[in-house]
Amino acid sequence: MGIKIRQAKVADSAFLAQMILQSSRAGKKDGVFDLLFATNDDATILKRLEELTQTTAISHCHYRNFLLAELDGKPVGTLCSYEPRISNKETFIKALSEIGCSDENNALEVMYICSFKLNNRTLIFDFMEELENFIDVGVLKVLMQKSLLTARLKGYTIAQTMIEIGSLESELFYKKMGFRVVEQKECALYKEKFGRSGMSLMSIEF
């Protein structure tokens, strides 16, 4: 059975939470959600992320923004796409408030310190992840192809993504799909918290 791509549903929230956490850590000990929820306990973070995917506020973590890849009827990967005019910092703060999360340790400052000025008519890709056992079966390529096709049908001409500087595998994958690095930001605070020097903005026009 081949890879099937479908829109994520509320029932997928637990899997989405797993992929969001995996993506945010990206090989690091701590990711933004470890900092935001002030814990390294996976069970606690996953529970909060699961709640975050279902809030009334449509943040970038909301399940409606995700496509899900399935193989043999089981979820194996995700790709999130959202409009920055809708799923922005303000929306994310509202979503956090809905689940009773306050930014007591200024995690949002760290999270957004390396952010870029985005065009509101640009589609943003995030949380491109797959289960470890499915790395070589083309899950991410199919997810990306479907997402780009959907973006075209919706009238978008530019899609962008933000990756950490030094994430060589992610950068190589995006370049193979036609993306290029258009801007980089190095931030001392980000490096202090996560050991990565900052963020790269990659873009594709179609």
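Heavy atoms only: backbone and side chains are in, while hydrogens, waters and symmetry mates are out.
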Would you mind listing every ring-ring contact (aromatic ring centres under 6.0 Å, His included) that reaches into residues 134-160, with sequence neighbours excluded?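 Listed by first then second residue: nothing to list.
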So do the side chains of [X] and [Y] get within less than 4.5 Å of each other, counting heavy atoms only?
{"X": "Leu79", "Y": "Phe66", "value": "no"}
{"X": "Tyr82", "Y": "Phe125", "value": "no"}
{"X": "Cys101", "Y": "Phe37", "value": "yes"}
{"X": "Leu201", "Y": "Gln184", "value": "no"}
{"X": "Lys191", "Y": "Glu186", "value": "no"}

Any donor-acceptor pair under 3.5 Å from [X] side chain to [Y] backbone:
{"X": "Lys185", "Y": "Ser115", "value": "yes"}
{"X": "Thr55", "Y": "Ile99", "value": "no"}
{"X": "Ser167", "Y": "Ile163", "value": "no"}

A cation-pi test, strictly: NZ or CZ of Lys9 under 6.0 Å from the centre of the six-membered ring of Tyr63 and no more than 45 degrees from its axis. Yes or no? no
Cation-pi check, Arg48 onto Phe33 ring (under 6.0 Å, within 45° of axis):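 No, cation not above the ring by the 6.0 Å, 45° rule.
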What residues form a side-chain contact (heavy atoms from CB on, under 4.5 Å) with Arg25, not counting sequence neighbours?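 Testing Arg25 for side-chain contact (heavy atoms from CB on, under 4.5 Å), a comparison that skips the adjacent residues, returns Leu21, Asp34, Asp42, Ile45.
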What pairs with Lys89 under side-chain contact (heavy atoms from CB on, under 4.5 Å), at least two apart in sequence or on another chain?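 Expected list: Ile93, Tyr112.
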Rounded at 0.5 Å granularity, tell me how far CD in Glu205 sits from CD in Gln160. 9.0 Å
Of all heavy-atom pairs between Glu50 and Ala17, which one has the smallest distance, and what is that distance? N-CB, 3.7 Å
Validation row, ring centre His60 to ring centre Phe127 under 6.0 Å: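 Yes; Phe127 has its ring centre under 6.0 Å from that of His60.
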Might you work through the side chain to side chain contact (heavy atoms under 4.5 Å, CB included) test for Leu140 and Glu130, ending with a clear yes or no? CA-CA 7 Å; Leu140 298 184; Glu130 60 191 342; 3.6 Å; yes
